[in-house]
Amino acid sequence: MPVHTTPQGWILETAHTAYAFGINAAGHLVHRYWGLKLPDLQDYPAPFLSDSEISFINPPHLSREEFQAYGGLRYSEPSLKVTSSSGVRDTVLQFVRSEVAENLLTLDLQDELIGLQVRLHYRVHADTDLIERWVTVKNAGSHTFELERVFSALWHLPEEQTYRLTHLTGQWLDEFRIHKDVLSEGTKTIESRTLTTSHHHNPFFMLDRAGEGQAFEDHGDVWFGLLAWSGNWKITAEVTHAQSTRLGIGLNDWDFAWTLEPGASFETPVALAGYTREGFGGASRRLHQHIRAEVVPHKNLKRRVLYNSWEATLFDVNLEGQSQLAEVAARMGIELFVMDDGWFHGRKWDTAGLGDWWPDAEKFPDGLTPLVNKVKSLGMDFGLWVEPEMVNPDSDLYRAHPEWVYHFEGRHRNEARNQLILNLGREDVQDYLIDLLDQLLSEHDISFIKWDFNRYVSEPGWPAFAGNAKELWVRHVQGLYRVWGTLRERHPAVVWQTCSGGGGRADAGMFHLADQAWISDCTDPSARLQIQEGYSLAYPASTMEAWATDWGKDRFSLEFRFHVAMCGVLGIGGHILHWPEEDREEAARLIALYKDIRHLVHEGDLFRLRSPSQDVISGVQYVSRDQQEAVVFAFRTHHPRYSQKTWRFRLKGLNPNARYTVEGFEGARSGQAWMEDGFPLELAEFQSKVLKVTQI
Ligand code: DGJ
């Protein structure tokens, strides 16, 4: 049983960990423990209540509450802030009841005075040591509430320790940079205010101890988690004056409001978190396993090697040019041909067309069917790019419905990339998109859609909305999920890619809809190594689309560019019509190699061997879950130490007692030997290697 109800409270147990909380003597639901599983249920500490009665230091504000509502003598970051139309602006929660159903625990709390009910949900994933949390808030009173903040979870760390926050920062073309900050008294906030997940931060965290007791890649205590949400989000990592570290995660409360009329409820997105003693690598593998097994729509999908037209032809797509690309792509062994931007009505450049999702009559006089048929006849599947949430002012849609975009009456509408954002909070906009895209998918044999989002919000107004327009931050994402979800239901075989100018919308909310993500518009292979490493902290390689392109071709061989892209879902994005025949032949050889090892990349456990952000020598390894086989990718960008020719790679994740061969090395050795002693690998500047590891 993963959920235990005891006189002291509740204990959520996973394969290796435990998470405990309970009601203290003052009736508050408080955190008790989060760490390695202890032998007995009686081992966990009792719910704590401070006996301090000093005027500035009172028990409630020294408590570590599971879900802290603003009210009483509490001054740290709340999980909930509500204003009632009765004038009451605080919330005092009392425990009402709990219920257990297999791996699910729900706790009901309420504020009787104002009639607010709060339900905390916990779902335990014992195998992966993960816990999901989310919250439902219900207005059971007679006044209207304004929700001002409602987080999904508050996670508490063991007390009286100093922690380091690992998070992912970046910008367009430079996403998923790994950043580490030691936390001190006060609050470190990371967030998005962009309407989308954003390139700047990702809703993901890892915490380890700072200094002595710090974690490393392969060992040490790490508490980690993420939020499954694709709009404005917020993480507050707070150290209180009493040396208590806690992390709140949820919808961003910045410019947010949600009106709850009597009888209405609001449900937050899901926050996922876990603890491991196996370092950052162990934390990543748990998230990867969860996203692969529990989140993505197609659980056992064989991700196809794809070609994407963007970097080759930009907006200049037409039947003839795309057919020529498709012919070469098919000869190289590509399985999915994706036509990117430029195919729809009026789209000559990025100044026009968004919103009019039907084929451009000049470029495709007989529609898309001739190209789809051509691609299918070459033995490939066909995929298409769309950007449904956007509109160019120069489009039929905008001319008909200028009121459908976010705007404030009388205010200039700021364009970015010559486009405005459709208000997906509106049901008429959602229905329009569902109808149009459903038609596109029904009329053509399309098996893959790349869904893009190429700007951040401005003028977040909704003048026609009868309620509080600050709800639009959430309503947009709910609308997006409805449109996308409906299309997925109607076309279940279609595979979707999430993209937002590269990696601006890669998150666990999206992975309920999309099987893969485009994680950066930067395809320079050496920059890409770092971007891919950062992405791998949170998300699995099976979701990471990566292309070998012409970017960096003056410095990096075709093989190197391919090897980098083969660390995820391989795509080719170069102008293959311009490639010499020997490059196409080499590409065909590399694609064949990839098909041979992709099950390891997509389904295996990822081990980061050497970090590209620490050194010019880097490597990753993917090990099959049964430890029968593995594949190693090794890279050398440049290196100033010309005297050094070889670098040692120590493998990870093998069965220590089984015997393995490593491609290129004589003889079999134990897994232990390959892991402890490893092997020296000769790598010239800008050289890469892929080595198969096989158990004998
Ligand atoms: C941004 C994406 O990241 C690119 O891959 C490409 O699809 C362009 N948009 C098309 O406009």
Side-chain angles (χ1 to χ4, degrees), residues 170-176 194-200 202 230 306-318 321-322 325 336-357 360 363 382-392 394-395 415-422 437 446 448-456 495-507 510 514 516-525 527-528 531-532 535 539 543-552 561 565 568-576:
Q171 55 184 318
W172 179 57
L173 292 176
D174 188 18
E175 299 88 337
F176 301 105
T194 62
L195 186 66
T196 180
T197 320
S198 110
H199 307 73
H200 304 154
N202 196 266
S230 315
L306 64 86
Y307 180 77
N308 180 290
S309 66
W310 175 244
E311 289 193 27
T313 49
L314 292 176
F315 303 95
D316 190 16
V317 299
N318 55 43
Q322 295 299 298
L325 283 168
L336 169 67
F337 184 86
V338 183
M339 177 161 63
D340 208 283
D341 200 347
W343 60 270
F344 47 95
H345 179 61
R347 188 70 162 175
K348 294 204 167 47
W349 198 248
D350 65 8
T351 48
L354 291 173
D356 299 345
W357 300 109
D360 184 74
K363 297 178 179 185
F382 182 77
L384 199 61
W385 177 95
V386 291
E387 194 179 3
E389 294 147 274
M390 297 292 169
V391 65
N392 286 116
D394 185 1
S395 66
E415 292 170 25
R417 208 197 192 204
N418 308 303
Q419 61 200 56
L420 298 167
I421 305 182
L422 288 174
L437 295 172
I446 296 173
F448 179 92
I449 293 277
K450 169 175 176 175
W451 185 307
D452 207 344
F453 185 93
N454 277 304
R455 63 160 293 182
Y456 294 148
V495 170
W496 305 77
Q497 183 222 87
T498 172
C499 171
S500 171
R505 195 158 65 186
D507 59 77
M510 273 290 114
Q516 53 203 63
W518 181 231
I519 69 158
S520 182
D521 276 345
C522 175
T523 58
D524 173 286
R528 190 86 190 186
I531 295 169
Q532 295 186 174
Y535 182 84
Y539 306 111
T543 62
M544 186 180 80
E545 201 177 303
W547 310 339
T549 69
D550 298 327
W551 200 335
R561 286 176 272 145
V569 179
L570 176 64
I572 286 78
H575 204 319
I576 50 179

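Note that the coordinates shown come from a computational prediction; the quantities given were computed from them, not determined experimentally. Indexing begins at 1, ligand by ligand and atom by atom, following the structure's order. Each residue takes its place number in the sequence, starting with 1.
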Strictly distance-based, threshold 3.5 Å: is any side-chain N or O of [X] a donor or acceptor partner for the main-chain N or O of [Y]?
X: R561; Y: T549; result: yes
X: Q516; Y: V569; result: no
X: W172; Y: D174; result: no

Check against ring pair (Phe, Tyr, Trp, His ring centres under 6.0 Å), W385 and F448 | CA-CA 9 Å; W385 177 95; F448 179 92; over 10 Å; no
Side-chain heavy-atom pair L325, F337 within 4.5 angstrom cut-off =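 Yes, their side chains come closer than 4.5 Å.
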Residue pair L354 / S395, side-chain heavy-atom distance below 4.5 Å =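 No - every pair of side-chain heavy atoms lies 4.5 Å or more apart.
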Report every pair formed by an N or O atom of ligand 1 and a protein N or O atom separated by less than 3.5 Å, giving atom names and the distance to 0.1 Å.
| residue | atom | partner | partner atom | Å |
| --- | --- | --- | --- | --- |
| ligand 1 | 3 (O) | G502 | N | 2.9 |
| ligand 1 | 3 (O) | D521 | OD1 | 2.4 |
| ligand 1 | 3 (O) | D521 | OD2 | 3.2 |
| ligand 1 | 5 (O) | K450 | NZ | 2.8 |
| ligand 1 | 5 (O) | W518 | NE1 | 3.4 |
| ligand 1 | 5 (O) | D521 | OD1 | 3.4 |
| ligand 1 | 7 (O) | D340 | OD1 | 2.7 |
| ligand 1 | 7 (O) | D340 | OD2 | 3.1 |
| ligand 1 | 7 (O) | W385 | NE1 | 3.1 |
| ligand 1 | 7 (O) | K450 | NZ | 3.0 |
| ligand 1 | 7 (O) | D452 | OD2 | 3.4 |
| ligand 1 | 9 (N) | D452 | OD2 | 2.7 |
| ligand 1 | 9 (N) | N454 | ND2 | 3.3 |
| ligand 1 | 11 (O) | D341 | OD2 | 2.6 |
| ligand 1 | 11 (O) | R417 | NH1 | 2.9 |
| ligand 1 | 11 (O) | R417 | NH2 | 3.0 |

